[in-house]
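Scope of the values below: all heavy atoms of this structure, side chains included, with no hydrogens, waters or symmetry mates. Ligands are counted one by one from 1 in listed order, and the atoms in each one are counted from 1 as well. Computed from a predicted model, the values in this text were never measured in an experiment.
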Amino acid sequence: MMKKKIIVANWKMNYDLHETTSFLRNFLKYINEKKIFHNKEVIIAPSFPFLHISNQISQGTSLKIAAQNIYFKEKGSYTGEISAYMLKSIGINIVIIGHSERRNIFFEDENSLLKKLKIALKHKIKVIFCIGETYEDRNKNNQYSIIEKQLNNTIFNCSTDEIKLIHIAYEPIWAIGTGSTATINQIKKMHKFIRNIFNKKYGNFISNKISILYGGSINHLNAKDIIYSDNVDGGLIGKSSLKIEQFLKIVQS
Ligand code: PGA
């Protein structure tokens, strides 16, 4: 059976209550549920305050709602943080972890990302885990060793059972929000590399099964070519997921 393509909208710190709810209602109105969702999984990640209402709006449809972050403690004196247990209580079962903005702006290191990963998995929350190299890394041709190191320090500390709850998002940092995507060739090579190291670590079954998404300046014009490239199982989309016409085109591509 062909794997479903996974399309994830990462809204980052955009949209208020009204913008969030009207986007979701319009999206569900214009999308042809049967046609789209039989071969695609669509996930939207709004901001924390709107997760609950977003989940209510998408109830009874195939659209899924994800959180953009999580904290690695169960509960307690961690002002401003959100736990796995809180997310579960409002029906959120998917979270993005390790986005480069979290790593760079909020100084999340691999040690804390691993803890976030583990707490999410403990609560059976699916994880979209982001990895990616900087422009300098690629210029020095270090992209493969960097990606392998990122996986070794985080994902590769997971058991075979845990891996089943994880999607990988390969997001070259130099392509995020810049308008310049990686070339199809660069994407294919990196995705093949990632699948091969999963193969070495977890064997054939897991490496074929794991979904590897690409992220970084996907738009309605390049989405189809990227998402249907070898070893690419979907896309993580920032800017272009905020315009409903564009996002509908991406999802329909
Ligand atoms: P972009 O963002 O599509 O705006 O490049 C992707 C991301 O940050 O996940």
Tell me if the centroids of the rings in Phe27 and Phe247 come within less than 6.0 Å of each other. yes
Out of curiosity, does Trp174 fall in the hydrophobic cluster containing Ile194 (side-chain heavy atoms, cut-off under 4.5 Å, transitive links)? no
Parallel, tilted or perpendicular for His191 and Tyr214, by the 30°/60° rule? tilted
Which residues end up grouped with Leu221 if you chain together Ile, Leu, Val, Met, Phe, Trp and Tyr wherever their side-chain heavy atoms are less than 4.5 Å apart? none
If the condition is side-chain contact (heavy atoms from CB on, under 4.5 Å), which residues does Lys192 pass it with, not counting sequence neighbours? Asn196, Asn231
Got a sec, which pairs hit ring-ring contact (aromatic ring centres under 6.0 Å, His included) with one end in residues 84-124, sequence neighbours left out? none
Students should find this: residues with any non-hydrogen atom under 4.0 Å from ligand 1. What is the answer? Asn10, Lys12, His99, Glu171, Ala175, Ile176, Gly177, Gly216, Ser217, Leu236, Ile237, Gly238, Lys239
